[in-house]
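See below for the structure under consideration.
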Amino acid sequence: TLFRSHGTIMRVGMIQSNYIPWRGYFDFLSSVDVFVLYDDVPFGKGRKWRNRNKLRTPSGTTWLTVPIHRGPIGTPVDRVEICYDTNWIARHCQQIYQNYRRAPFYRTYIEEFSEILHRRYQYQSALNEALLRWAGHHLSIDTHLIRVRDLLHPQGSKSIRPLEILRHLGATEYLTGPNTLAFCDFSAYSTNNIEVQVKTYCYPQYRQCWPGFCDDVSILDLLFNMGMDSRRYITSIIPAKALSCSRMPEGGLDGQP
């Protein structure tokens, strides 16, 4: 066991990294003692939260998408490279300016955010991690964050690998997402004295720049609008639920609604 002292409770969660994710991701992060960036799994096909997220606009939402080189089929999340053939950094900053320049705390955060983008990370996962740590710092989250590749490489099928990671870390509780409910068999977790808990995402509204409310937007929206008060709005009203089901989830590591 790497982090747990004898007899203490230690809750672990793991999710693939997302680009400036929504507040639920940070609620998940703040709800565990150790958070594993589960980025050594295939990036997959289709549109993903790994390299995009939403901003609030006067008419609803718009996407910020980081262009990537997807690579061969099966390329892991943390080996997907960012494409710099176009000036997407300037475009993202301009979109943020257009939609948030009048937000009360826009100027508090935009310089640091822009500086991170301008570091020109090679990999999407590395950029995601840098922004995750940056926003987590401003939300006063002190969870221990590690990359799955920094652990002894876990073996087994994709449904068993999380258990191997938890055992390696000495976890007593495993926090996972609600989209695993249709799949589960947690008997192996029970055998290893690990309680499985399912995260819930239910939050109070906060002041946004325009009438109406959009919840599934980047954490930037909350920071720009609420500033240092943002932490109050990332705790789910409904606590996580302990579960025991008939099948272990194979998904559930996405982190965005």
Side-chain angles (χ1 to χ4, degrees), residues 13-29 32 35-57 60-89 91-93 95-96 113 116-117 119-136 145-149 154 157-159 161-162 165 175-183 198-199 201 214-222 234 249-257:
M14 54 192 86
I15 303 178
Q16 294 165 21
S17 68
N18 290 357
Y19 180 56
I20 44 174
W22 76 307
R23 58 175 166 168
Y25 196 110
F26 291 90
D27 182 19
F28 191 107
L29 176 63
V32 296
F35 180 87
V36 180
L37 283 168
Y38 198 73
D39 278 1
D40 69 339
V41 294
F43 188 94
K45 298 180 179 180
R47 296 178 176 178
K48 304 290 183 181
W49 295 104
R50 313 294 156 259
N51 65 313
R52 65 178 193 152
N53 227 293
K54 295 180 181 179
L55 299 180
R56 181 74 204 275
T57 73
T61 60
T62 190
W63 288 100
L64 288 183
T65 301
V66 178
I68 56 173
H69 300 290
R70 285 184 177 268
I73 295 175
T75 299
V77 173
D78 59 3
R79 293 297 181 265
V80 170
E81 296 189 10
I82 298 173
C83 177
Y84 289 99
D85 292 345
T86 62
N87 195 356
W88 64 267
I89 295 175
R91 186 169 66 251
H92 284 204
C93 291
Q95 285 181 269
I96 292 169
F113 173 81
I116 293 172
L117 293 192
R119 293 175 192 169
R120 295 174 65 94
Y121 287 90
Q122 179 179 2
Y123 296 108
Q124 181 70 54
S125 179
L127 172 60
N128 292 351
E129 180 183 344
L131 291 170
L132 180 65
R133 291 181 182 275
W134 169 76
L145 192 152
I146 57 177
R147 308 175 194 92
V148 69
R149 287 190 188 273
S157 67
K158 64 181 179 180
S159 61
R161 290 183 80 237
I165 293 169
L175 186 66
T176 189
N179 55 345
T180 63
L181 293 178
F183 299 93
V198 177
K199 187 75 183 74
Y201 300 107
C214 297
D215 194 28
D216 63 335
V217 290
S218 165
I219 192 67
L220 293 178
D221 185 85
L222 178 59
I234 68 165
E250 295 185 354
L253 300 174
D254 199 54
Q256 189 94 4

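Under the side-chain hydrogen bond (donor to acceptor under 3.5 Å, both in side chains) criterion, Arg91 pairs with no residue at all, not counting sequence neighbours. In this structure, the ring-ring contact (aromatic ring centres under 6.0 Å, His included) partners of Phe35, at least two apart in sequence or on a different chain, are Tyr25. Scanning for side-chain hydrogen bond (donor to acceptor under 3.5 Å, both in side chains) contacts around Tyr121 gives Arg119, with sequence neighbours left out. Legend: residues meeting salt bridge (Lys or Arg N to Asp or Glu O under 4.0 Å) with Arg120, ordered by chain and number and at least two apart, are absent.
With Asn128 contributing its side chain and Arg50 its backbone, the two residues share a donor-acceptor pair below 3.5 Å. Remark: the backbone N or O of Ile20 is paired with a side-chain donor or acceptor of Ser218 at under 3.5 angstrom.
Inter-residue side-chain proximity for Leu222 and Ile234 is flagged as met; some heavy-atom pair is nearer than 4.5 Å. Here the side chains of Ile96 and Leu220 are in contact, with some heavy-atom distance below 4.5 Å. Looking only at side-chain heavy atoms (C-beta outward), Leu145 and Arg133 come within less than 4.5 Å of each other. A 4.5 Å side-chain heavy-atom check between Val66 and Gln124 finds at least one atom pair inside the cut-off. A heavy-atom distance below 4.5 Å is found between the side chains of Thr65 and Asn51. At least one side-chain heavy atom of Leu132 sits under 4.5 Å from a side-chain heavy atom of Leu29. Proximity of Asn53 to Leu64: side-chain heavy atoms (C-beta onward) are nowhere separated by under 4.5 Å. Between Trp88 and Cys83 the shortest side-chain heavy-atom distance does not fall below 4.5 Å.
Residues Tyr19 and His92 share a closest heavy-atom pair of OH-ND1, 2.9 Å. Heavy-atom minimum distance, Tyr201 versus Gly24: CE2-O, 3.4 Å. Across all non-hydrogen atoms, the minimal contact from Val41 to Gln16 is CG2-NE2, 3.2 Å. Shortest non-hydrogen contact noted between Thr57 and Thr61 is OG1-N, 3.6 Å. Ser17 and Asp39 make their closest contact through OG-OD2, 2.7 Å (heavy atoms, listed as atom of the first residue, atom of the second, distance).
The stretch residues 19-29 participates, sequence neighbours left out, in these salt bridge (Lys or Arg N to Asp or Glu O under 4.0 Å) pairs: Arg23-Asp215, Asp27-Lys199. The side chain to side chain donor-acceptor pair (under 3.5 Å) pairs that include a residue from residues 66-85 are Asp78-Arg149, Glu81-Gln122, where partners are two or more places apart or lie in different chains.
Note that NZ of Lys54 and CG of Asp221 are 12.0 Å apart. Values are rounded to the nearest 0.5 Å.
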Chi angles and distances behind the side chain to side chain contact (heavy atoms under 4.5 Å, CB included) call for Leu37, Ile146: CA-CA 6 Å; Leu37 283 168; Ile146 57 177; over 6 Å; no

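There is a side-chain donor-acceptor pair under 3.5 Å between Tyr38 and Arg161.
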